[in-house]
Amino acid sequence: MARRTIVSMPGDGIGKTVLDEAIRVLEAAGFEADYVHADIGWEFWIREGNALPDRTIALLQEHKIGLFGAITSKPKKQAAEEISPELRDKGFVYASPIVKLRQHFNLDVSIRPCRSFAGNPLNFVRRGGDGIDEPAVDAVIFRQNTEGLYGGVEWTNPPANVRDALETHPRMSLFKEVPSEDLAISTRIFSRGACRRIVREAFAYAKKFGYKSVTVCEKPNVIRETSGMMTAEAHAASKDFPDIALWETNIDAQMMWLTKNPEDYGVLVCGNMFGDIVSDGFAGLIGGLGFACSANIGKEVAVFEPTHGSAPKYQELSPSIVNPIAMMMSACMMLDHIGESEKADRVREAIAKVVSEGKVRTYDMLRLTGSQDVLQNGAVNTQQMADAVISKL
Ligand code: NAI
Ligand code: MG
């Protein structure tokens, strides 16, 4: 196989630490690639007024595959205050670079597997018939990644033509007396093509990996149009996958059931916001942010990232204490995507061994409060966790 070039986007804070460690693990697994660094994140907002510089987009366009650590995002006001003085009030508006990346390359399929590792002390447990049950969770969330509430079509104080158009809907009567400057509107726009693609990808994945069910998790009883479209497309897709059951849940009930019978769920598929919520919910059952991995997949470009952020409160700690497993698992998803599943499986098995042996644990796995002291209280640092995985390879 031709040697690959991977675009490495460490970003901010702990993104930098975990990405380096994941690359070390990939190399130890025998994955040979060239890594080209690409700029992304807060420092580029401050310096250039753009957290996702064009040169980074060009590198991804060229090489197609990206590994991303995490970025720091801050609210509008703070972003405007922190931008360098010479760029201030020049019309730069902060936008999350990862959201921009997903939209620019139409990385519309987000996959977030949540599988428990045996022996992880953070695994979900529940009271069973005669003692404590620890159900093995193996849920894979397919999240539509570009549209819906993250589409960015929103206003505070909507312009008159927008307001006029909305007023044509009878239900706007509820807001008739509200002055426009007191109206905030965030739209939830779904397109049929994107709904169709995400549900089909979900079914195809379920078939490929032997899952018995696909659950479409929306709320069509209330959010009739958008959730209704996603659910209808799920029904249409299910006709081509007769061996896989289609289940329907509402997002609110799903969050309640999550801790009742998580082992019953296989593949789940949702719009953008609900996918974000459900995937965090399931991630909480398998160890939380230190374990939650994800893929953003488009037709041409794909970017792999842990779901956690830049954890600014830990970024100054040296050595770093955060758990690199989520980043390593995301790197494994990259290997799967480029046809290197054998190496991905070896890395996952190595992680599984380290977790089940229980000798090497980062602070989160010991339920310690994060600080440098954790290293005196039995936790390993980020690099030591990676070393442990490498030793199993
Ligand atoms: P966060 O995910 O950075 O951290 C939340 C907490 O989770 C941390 O304080 C830490 O206790 C724990 N944590 C996170 N990653 C961990 C790891 N690998 N190992 C062990 N513990 C870990 O989320 P937060 O604090 O809400 O946001 C911090 C910054 O990150 C913000 O600027 C936010 O906008 C950004 N963010 C970026 C994301 C991305 O790059 N995709 C996703 C989420 C947040
Ligand atoms: Mg999230």
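Note that ligands are numbered from 1 as they come in the structure, with each ligand's atoms numbered from 1 the same way.
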Exercise for review: Please state whether Y363 comes within less than 4.0 angstrom of ligand 1, counting heavy atoms only.
Suggested key: yes
Closest heavy-atom approach to atom 17 (C) of ligand 1 among N323, T307, T17, V99 is made by N323
Exercise. Would you indicate whether the side-chain heavy atoms of M229 and E225 approach each other to under 4.5 Å?
Key: no
A student checking ligand 1 against T72 at a 4.0 Å heavy-atom cut-off should list atoms 32 (O)
Can you find a side-chain donor-acceptor pair between Q384 and T382 that sits under 3.5 Å? no
So for K74 against ligand 1, with non-hydrogen atoms under 4.0 Å, the contacting part is neither
**Q.** Side chain proximity check, E300 to N106, heavy atoms < 4.5 angstrom
**A.** no
Under 4.0 Å from one or more heavy atoms of E305, ligand 1 contributes atoms 41 (N)
- Message: Is the shortest side-chain heavy-atom distance between E342 and R346 below 4.5 Å?
- Response: yes
Query - Donor + acceptor pair across side chains of S73, Y94 (<3.5 Å) - result: yes
| message | Whether the S310 and Q315 side chains hold a donor-acceptor pair (N or O, under 3.5 Å, no angle test) is what I'd like checked. | response | no
Here the pair of heavy atoms bringing S116 nearest to N123 is CB-OD1, 3.5 Å
Is ligand 1 less than 4.0 angstrom away from at least one heavy atom of V18? no
Review point. Would you say S310 contacts ligand 1, with heavy atoms under 4.0 Å as the rule?
Key: yes
For F68, the atoms of ligand 1 under 4.0 Å from one of its heavy atoms are 40 (O)
Near A70 (heavy-atom distance under 4.0 Å), the atoms of ligand 1 are 40 (O)
Check: of P312, S73, G13, min heavy-atom distance to atom 34 (O) of ligand 1 comes from S73
ask   = Would one find an N or O of V322, backbone or side chain, under 3.5 Å from an N or O of ligand 1?
value = no
Would you say W45 and K74 make side-chain contact, with heavy atoms under 4.5 Å? no
- I14 near ligand 1, heavy-atom distance under 4.0 Å? yes
